[in-house]
Amino acid sequence: MFNFKPLIFSSLVLSAIATPTPLESRQSCAAVTVYFARGTTEPGTLGTIVGPPFQAALQTALAGQTLEFVGIPYPATIAGFLVGGDQGGATTMANDVTAKASSCPNTKIVISGYSQGAQVTHLAAGKLSSSVQSRVNAVVVFGDPDNGQAFPGPINGHVKTFCASGDLICEGQAIVLPPHLSYGAVSESSSAGGDIC
């Protein structure tokens, strides 16, 4: 008959080594984590117009603190914009925020998006439980098609919206004019990154 004791003991030892302790996982938590959704048709997960300059501005503003800047993967299609934002991207953002709130109790959490990404941010906020909503320290949206629509619960008290003069997307129209493409300069400024946390 096979003796399972050595096998069980080895499995327990390996799982103890492979599983981080709460202290180890907290040590890997950033001081601030930003979840960012890019605009329609932008490449990658951060896009090019707002994501990279916003990340750089935050790194400068949060000097001395650790920053994790996460791009939300979602299709970012025109069809998604026209139906009010991609539901799959919103679910991904909400799930990521919920996981971070659970695993990193001291991390400041920011949700953010540009254009359709702002729609995704609105939708994601609505998918969060009230306890996780209370963990969101700031919402920063650029060129928001849902401009003027409140975020749920305690999140609404921590919203910073950037809508350029002449940006018809912010007025609820599906017309992209040059002001809608101007947020890179805003996201680089201290006004976008300086006081969100």
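As a basis for the values below, the full set of heavy atoms in this structure was taken, side chains included, without hydrogen atoms, waters or symmetry mates. The residues of the chain are indexed from 1 along the displayed sequence.
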Do Met93 and Val83 sit in the same hydrophobic cluster, where Ile, Leu, Val, Met, Phe, Trp and Tyr count as joined when their side-chain heavy atoms come under 4.5 Å apart? no
Heavy-atom pair of closest approach, residues [X] and [Y]:
X: Gln65; Y: Val32; result: OE1-CG2, 4.1 Å
X: Val132; Y: Ala101; result: CG1-CB, 4.2 Å
X: Pro154; Y: Gln133; result: CD-OE1, 3.6 Å
X: Val70; Y: Leu46; result: C-CD2, 4.3 Å
X: Ser182; Y: Pro179; result: OG-O, 2.6 Å
X: Gly113; Y: Thr121; result: N-OG1, 3.5 Å

Output the distance between atom [atom1] ([X]) and atom [atom2] ([Y]), rounded to the nearest 0.5 Å.
X: Tyr74; Y: Gln116; atom1: OH; atom2: CD; answer: 4.0 Å
X: Tyr183; Y: Asp144; atom1: OH; atom2: CG; answer: 9.0 Å
X: Leu67; Y: Lys108; atom1: CG; atom2: NZ; answer: 12.5 Å
X: Phe36; Y: Phe142; atom1: CZ; atom2: CZ; answer: 6.5 Å

Pair listing, disulfide (SG to SG under 2.5 Å) test, anchored in residues 118-168, at least two apart: Cys163-Cys170
So the salt bridge (charged side-chain N to carboxylate O under 4.0 Å, His left out) pairs with at least one residue in residues 114-142 (sequence neighbours excluded) are none
Using the salt bridge (charged side-chain N to carboxylate O under 4.0 Å, His left out) rule, collect all pairs that involve residues 32-51, keeping only residues at least two apart or in two chains. none
Under the side chain to side chain donor-acceptor pair (under 3.5 Å) rule, collect the residues that match up with His180, sequence neighbours excluded. Ser115, Asp167
Who passes side chain to side chain donor-acceptor pair (under 3.5 Å) against Ser131, sequence neighbours left out? Ser129
List in chain and number order the residues that pass ring-ring contact (aromatic ring centres under 6.0 Å, His included) with Phe151, two or more places apart in sequence or in another chain; answer none if no residue qualifies. His122
Let me check something: any side-chain donor-acceptor pairs from residues 48-59 under 3.5 Å, sequence neighbours excluded? List them with distances.
none

Hey, is CG on Leu82 packed in by over 12 heavy atoms from elsewhere, all under 6.0 Å? yes
Are [X] and [Y] packed together at the side-chain level, in the sense that at least one heavy-atom pair is separated by less than 4.5 angstrom?
X: Val34; Y: Ile109; answer: no
X: Asn95; Y: Val97; answer: no
X: Asn137; Y: His158; answer: no
X: Val176; Y: Leu181; answer: yes
X: Tyr35; Y: Ser112; answer: no
X: Asn147; Y: Glu171; answer: no

Treating Asp146 as the side-chain partner and Gln149 as the backbone partner, does any N or O pair qualify as donor plus acceptor under 3.5 Å? no
Set of side-chain contact (heavy atoms from CB on, under 4.5 Å) partners for [X], sequence neighbours left out:
X: Ala63; answer: none
X: Thr92; answer: Ile72, Pro73, Asp96
X: Thr66; answer: Ala30, Ala31

Apart from Leu168 itself, which Ile, Leu, Val, Met, Phe, Trp or Tyr residues share its cluster (side-chain heavy atoms under 4.5 Å, direct or through members)? Ile175, Leu177
Sorted by chain and residue number, the salt bridge (charged side-chain N to carboxylate O under 4.0 Å, His left out) partners of Lys100 (sequence neighbours excluded) come out as Glu68
